[in-house]
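Just so you know, residue 1 is the first one in the sequence shown, and it goes up from there. As the structure is a computational prediction, the values presented were derived from the model and not from experiment.
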Amino acid sequence: MKITGKFMTLLSVAVATALPLEKRSFIELPKACTDKINDLFMHYSLNGCEATSIIDSANDDQMNLFACSSLKIEKCSEFYSIDYFDLPECEGANLLNLAQVMHYKGIQIQTAVHRCTKDEKKRNCPLNVNDSINKGLSDERVLRTCESEICTSAAINYLDSIISLNNQLLDYFDNYNKKYGTDSEISFDSSYNPQEQIIVRDYLSSKKCDAIRKPIQNTTTRKTTTTTTTTTTKKRTTTTTTTTTTTTTTTTTTTTSEKPTTTTTTTTTTTTSVAEKP
């Protein structure tokens with residue numbers, strides 16, 4: 001059976017070598033824990049939330065084929081809510097290492113959802129925390145993002161989530177050190193720069209970004225002349241012709257000697273008047 005590139009990638013997922021962290025190859029977890037986490041990534045990849053390392057280097061066409069075409073937000077939310085600290089397979093794992101792979105999971109899921117967001121022309125939004133964002137404002141894809149209101153809003157939300165995940169990880173290390181009296185530190189490598197993410201987020205929220213999408217238009221003031229026109233309407237003269245109806249009565253009297261009977265005949269002549277139209 002021929003195995004496609006996608007499934008070869010899925011079968012070779014290795015959490016310990018996929019983390020965007022310095023010295024990531026030294027992050028160790030019990031084998032049962034690593035296997036369980038890999039199984040989770042594969043399960044959700046095949047069921048609507050492709051968040052494996054395939055998205056780190058995939059172009060837009062590959063993202064649309066392998067991730068966006070089957071993306072189900074509810075599945076990504078479900079995966080996002082899984083706490084590795086509650087997995088029986090991860091009991092006894094180094095807590096700091098487990099926190100780092102939790103951070104990685106969150107970054108990957110947020111990135112998958114963001115990269116599948118489409119702009120007004122149905123193109124993938126360009127920013128990617130594993131690529132262009134870490135180049136700061138020098139990356140032309142930051143400016144391309146500003147050209148789209150949809151992508152600008154989505155990118156700001158995306159970066160807010162990434163920055164929050166970074167802070168959660170840093171806070172976890174800080175609290176761990178205070179609790180156990182240790183001095184463990186975490187630092188992000190040069191390809192993953194939280195400070196640049198903040199700079200890009202702030203730029204996308206600025207008027208400079210808005211101006212790329214909504215260029216300022218020059219306003220020209222025109223002199224307005226008001227003209228008042230008075231129209232005089234000549235009063236119409238209405239002529240009414242009235243015809244009077246005259247009724248003429250004619251009386252004829254006939255006399256008979258035996259019985260004096262008087263017969264009266266009345267003739268009425270009616271004249272109809274028509275009024276002329278004005």
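Leu71 has its side chain out of reach of Glu50: every pair of non-hydrogen atoms, C-beta onward, lies at least 4.5 Å apart. A 4.5 Å side-chain heavy-atom check between Phe173 and Asp183 finds every atom pair outside the cut-off. Taking the side chain as every heavy atom from C-beta outward, Cys146 and Leu204 approach each other to under 4.5 Å. Within the 4.5 Å cutoff, the side chain of Gln100 has heavy atoms near those of the Ile186 side chain. The shortest side-chain heavy-atom distance between Met42 and Asp39 does not fall under the 4.5 Å cut-off. At least one side-chain heavy atom of Leu165 sits under 4.5 Å from a side-chain heavy atom of Ile107.
A salt bridge links Arg201 with Asp160; the closest basic N to acidic carboxylate O contact falls under 4.0 Å. Salt-bridge check for Arg213 with Asp210: passed, with a basic side-chain N closer than 4.0 Å to an acidic carboxylate O.
Remark: the backbone N or O of Leu170 is not paired with any side-chain donor or acceptor of Asp174 at under 3.5 angstrom. Looking at Glu120, its side chain never comes within 3.5 Å of a backbone N or O of Ser148 through a donor-acceptor pair. Side-chain atoms of Glu89 never come within 3.5 Å of backbone atoms of Glu91 as a donor-acceptor pair (strictly under, hydrogens ignored). Of the possible polar contacts, none joining the Asp119 side chain to the Cys125 backbone as a donor-acceptor pair under 3.5 Å is found. Between the side chain of Arg115 and the backbone N or O of Ile55 there is at least one donor-acceptor pair closer than 3.5 Å. The backbone N or O of Ile162 sits nowhere less than 3.5 Å from a side-chain atom of Gln110 that would complete a donor-acceptor pair. Formation of a donor-acceptor pair under 3.5 Å by the Thr152 side chain with backbone atoms of Glu149 is not found in this model.
Using a 4.5 Å cut-off between side-chain heavy atoms of Ile, Leu, Val, Met, Phe, Trp and Tyr, with links allowed through other members, Leu40 and Tyr104 fall into the same hydrophobic cluster. Val200 and Ile198 are not part of a single hydrophobic cluster, where members link through side-chain heavy atoms under 4.5 Å apart. Both Phe85 and Ile37 belong to a single network of hydrophobic side chains, linked directly or stepwise wherever heavy atoms of I, L, V, M, F, W or Y lie under 4.5 Å apart.
Partners of Thr182 according to the side-chain hydrogen bond (donor to acceptor under 3.5 Å, both in side chains) rule, which considers only residues two or more places apart in sequence or in another chain, are Asn177. Residues passing the side-chain hydrogen bond (donor to acceptor under 3.5 Å, both in side chains) test with Gln62: none are found, sequence neighbours excluded. For Lys207, there are no side-chain hydrogen bond (donor to acceptor under 3.5 Å, both in side chains) partners at least two apart in sequence or on another chain. Taking the side-chain hydrogen bond (donor to acceptor under 3.5 Å, both in side chains) definition, one finds that Ser164 meets it with Gln168, sequence neighbours left out.
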Phe66 vs Thr52, side-chain contact (heavy atoms from CB on, under 4.5 Å): CA-CA, chis, key distance, verdict: CA-CA 11 Å; Phe66 295 141; Thr52 66; over 6 Å; no
Derivation and outcome, side chain to side chain donor-acceptor pair (under 3.5 Å), residues Thr145 and Glu147: CA-CA 5 Å; Thr145 296; Glu147 295 174 357; over 6 Å; no
CA sep, side-chain torsions, deciding dist, call: Lys118, Asn64, side-chain contact (heavy atoms from CB on, under 4.5 Å): CA-CA 10 Å; Lys118 300 293 194 294; Asn64 290 333; 3.3 Å; yes
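Rounding to the nearest 0.5 Å gives a distance of 9.5 Å between CE of Met102 and OH of Tyr172. Residue Leu96 holds its CG atom at 9.5 Å from OH of Tyr180, rounded to the nearest 0.5 Å. If you take CD1 on Ile199 and CG on Leu159, they are separated by 11.5 Å, rounding to the nearest 0.5 Å. In this structure, the separation between CG on Asp202 and CD on Gln197 is 12.0 Å, given to the nearest 0.5 Å. Rounding to the nearest 0.5 angstrom, the gap separating the CD1 atom in Ile82 from the CG atom in Asp86 is 10.5 Å. Between Leu127 atom CG and Thr117 atom OG1 the span is 11.0 Å, to the nearest 0.5 Å.
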Show every donor-acceptor pair shorter than 3.5 Å between a side-chain atom in residues 72-79 and any protein atom, with sequence neighbours excluded, or say none if there are none.
unit_1	atom_1	unit_2	atom_2	d
Ser77	OG	Ile73	O	3.1
Glu78	OE2	Tyr44	OH	2.6

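At least one cation-pi condition fails for Lys105 and Phe41: the charged atom is not both under 6.0 angstrom from the six-membered ring centre and inside a 45 degree cone around its axis.
When all heavy atoms of Asn59 and Asp61 are compared, the pair lying nearest together is OD1-N, 3.1 Å.
Counting heavy atoms of neighbouring residues, nucleotides and ligands inside a 6.0 Å radius, atom NZ of Lys36 does not exceed 12 of them.
Within the structure, the disulfide (SG to SG under 2.5 Å) test picks out the following pairs touching residues 87-124 (sequence neighbours left out): Cys33-Cys90, Cys68-Cys116.
Ring planes of Tyr158 and His114: parallel class, angle under 30° (limits at 30 and 60°).
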